[in-house]
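Okay, structure first, notes after.
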There are 2 protein chains.
Amino acid sequence: MSSQMTEMLKGTLEGIVLAILATQPAYGYEITARLRDEGFSTIVEGTVYAILLRIEKHGFVDVEKVPSEKGPPRKVYSINAKGREQLDGFWQTWGFLTERIAKLHTEHTRGED
Amino acid sequence: MSSQMTEMLKGTLEGIVLAILATQPAYGYEITARLRDEGFSTIVEGTVYAILLRIEKHGFVDVEKVPSEKGPPRKVYSINAKGREQLDGFWQTWGFLTERIAKLHTEHTRGED
DNA sequence: CCCATCTACTCTGTGTTGCTGAGTACCAGT
DNA sequence: ACTGGTACTCAGCAACACAGAGTAGATGGG
C-alpha cells in the first residue's frame, strides 16, 4: 500500500494480532492469511512471525506445537491472561489516540468540503 | 503515558502536526504547547522539532523566520500544496486503518462485555 | 554585573518497530 | 526427482519517537 501505512502499523500491528488471537487460537501462517483477508494486503509472513515470537517472549501467549497434515508442525498461539491485559491496554491507548485525532480531523475539515 | 502510545504515535504524529498546521501556520514551541493542551502530554520538544525539520526537508511546508519579542527568532511553518496532498494521504490511510481495527474490535467485544 | 529563567531551536545517540529477502523443512502430486 | 503449497526462522535495514544535552536571545533579581 504505502510507506505511510507501514509507519502507522508500528505499535498497532501487535495489537491487531493479539485481537485476532483473542477471538480464537491460531498459528502464524493462518494469521497472515487472515490479515490479507481483512484487507492488510501488504503485511508479509516475516513480519507476522516476528510479532508472534515477540509476544511469546513477552509472555502474552501460550504456545502449543500441533502436527499438520500438509507440512511442518504448526505453532498454535493462544492468548493468556497477561496477553488480555496487554490487549486491554492497547484498546485504551488506541481509543485515546483515535479520539484526539478525530477531533483534529473535524477541526481540519471545518470550513472545507 | 505509555510505551504503547509512543509506538502508536509512529507514523501518526507527523500527520497530527500537519493537521495542526492546516488550521493555521505555527512555530515549533507553539505546536509543542498546543499538543500538550490537546492531551498529548508526553510529547517532548525534541520530537516536534525533528518532525518539523523532516516535513520541511520533504517540502510539505514553507518556512518564514519571524523575530520574537521574548527570545530567539521563530521559525513559522505554513503548510503548502504538497503538504496538503500528504495530509490527504494521511487521512486516507488513517481512515482505512481505523475502519479495519474498529471491525476487529467489535468482533473482539462480541460475546464479552 | 552575573545568574537564573523563560523562550526557541538544534543535535547526537538509543530502542522499538515493521519490511526485505533469503533460507530451512515437511509433504503431496506428477 | 521435481515442483508447489504449507509453515517457520533469521540477518540486515530504514524510519520513527524519545532522551538528554547544548546553543542562544531576552528579561528580571540579587
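Letters A, B, ... mirror the listed sequences (proteins, then strands); counts begin at 1.
Ranking D/dC18, D/dT6, C/dG18 by closeness to the A/Pro72 side chain, first place goes to D/dT6. The side chain of B/Leu53 lies closest to C/dC11, out of D/dC8, C/dC11, D/dA17. Comparing C/dT16, D/dA19, C/dA8 against the side chain of B/Val44 picks out D/dA19 as the nearest. Across D/dC16, D/dA17, C/dG18, the shortest atom-to-atom separation from the side chain of B/Leu9 is found for D/dA17. Minimum atom distance to the side chain of A/Tyr49 is reached by D/dC8, of the listed C/dT17, D/dC8, C/dC9.
Ring geometry for B/His58 against B/Phe60 counts as tilted: the plane angle lies between 30° and 60°, on a 0 to 90° scale. Using cut-offs of 30° and 60° for the angle between ring planes, the A/Phe40 and B/Phe96 rings count as perpendicular.
Nearest-nucleotide positions on DNA chain D place A/Lys65 closer to the 5' end than the other of A/Lys65 and B/Ile43. Nearest-nucleotide mapping onto DNA chain C: of A/Lys10 and B/Glu30, the residue sitting toward the 5' end is B/Glu30.
Contact annotation: A/Arg74 does not reach the phosphate of D/dT6 (side-chain N/O to OP1 or OP2, under 4.0 Å). Checking the phosphate oxygens (OP1, OP2) of D/dA17, a side-chain nitrogen or oxygen of B/Arg54 falls inside 4.0 Å. An OP1 or OP2 oxygen of D/dA7 is reached within less than 4.0 angstrom by a side-chain nitrogen or oxygen of A/Ser68. OP1 or OP2 of C/dA8 lies within a sub-4.0 Å distance of a side-chain N or O belonging to B/Tyr27.
Going from atom CZ of B/Phe90 over to atom P of D/dC16 covers 13 Å, rounded to whole Å. In this structure, A/Glu45 atom CD and C/dC19 atom P are separated by 13 Å, rounded to whole Å. In this structure, B/Lys57 atom NZ and C/dC11 atom P are separated by 11 Å, rounded to whole Å. When the C1' atom of C/dA8 is taken as reference, atom CD of B/Glu64 falls 16 Å away, rounded to whole Å. C/dC26 atom C1' lies 13 Å from atom OH of A/Tyr29, rounded to whole Å. Distance CE (A/Met8) to P (C/dC19): 13 Å, rounded to an integer number of Å. Separating the OH atom of A/Tyr77 from the P atom of D/dA7 is a distance of 14 Å, rounded to the nearest angstrom. Residue B/Gln4 contributes atom CD, which lies 12 Å from atom P of C/dG18 at whole-angstrom precision.
Contact annotation: side chain of B/Lys75 to base of C/dA8, donor-acceptor pair absent below 3.5 Å.
Among the protein residues, A/Glu14 comes within range of the sugar-phosphate backbone only, with heavy atoms under 4.0 Å from sugar or phosphate atoms but none that close to a base. No engagement by B/Leu52 is indicated, since no non-hydrogen atom pair under 4.0 Å with the nucleic acid exists. Within the 4.0 angstrom heavy-atom criterion, base atoms lie near B/Thr47. Counting any heavy atom pair closer than 4.0 Å across all strands shown, B/Glu69 reaches sugar-phosphate atoms only and no base atom.
At least one donor-acceptor pair closer than 3.5 Å links the side chain of A/Glu30 to the backbone N or O of A/Tyr27.
Counting all heavy atoms, side chain and backbone alike, A/Leu52 lies closest to A/Gly28 at CD1-CA, 3.5 Å. When every heavy atom of A/Ile43 is checked against every heavy atom of A/Thr32, the shortest pair comes out as O-CG2, 4.4 Å.
When side chains are defined from C-beta on, A/Glu64 does not count as touching A/Lys75, because their heavy atoms never get closer than 4.5 Å.
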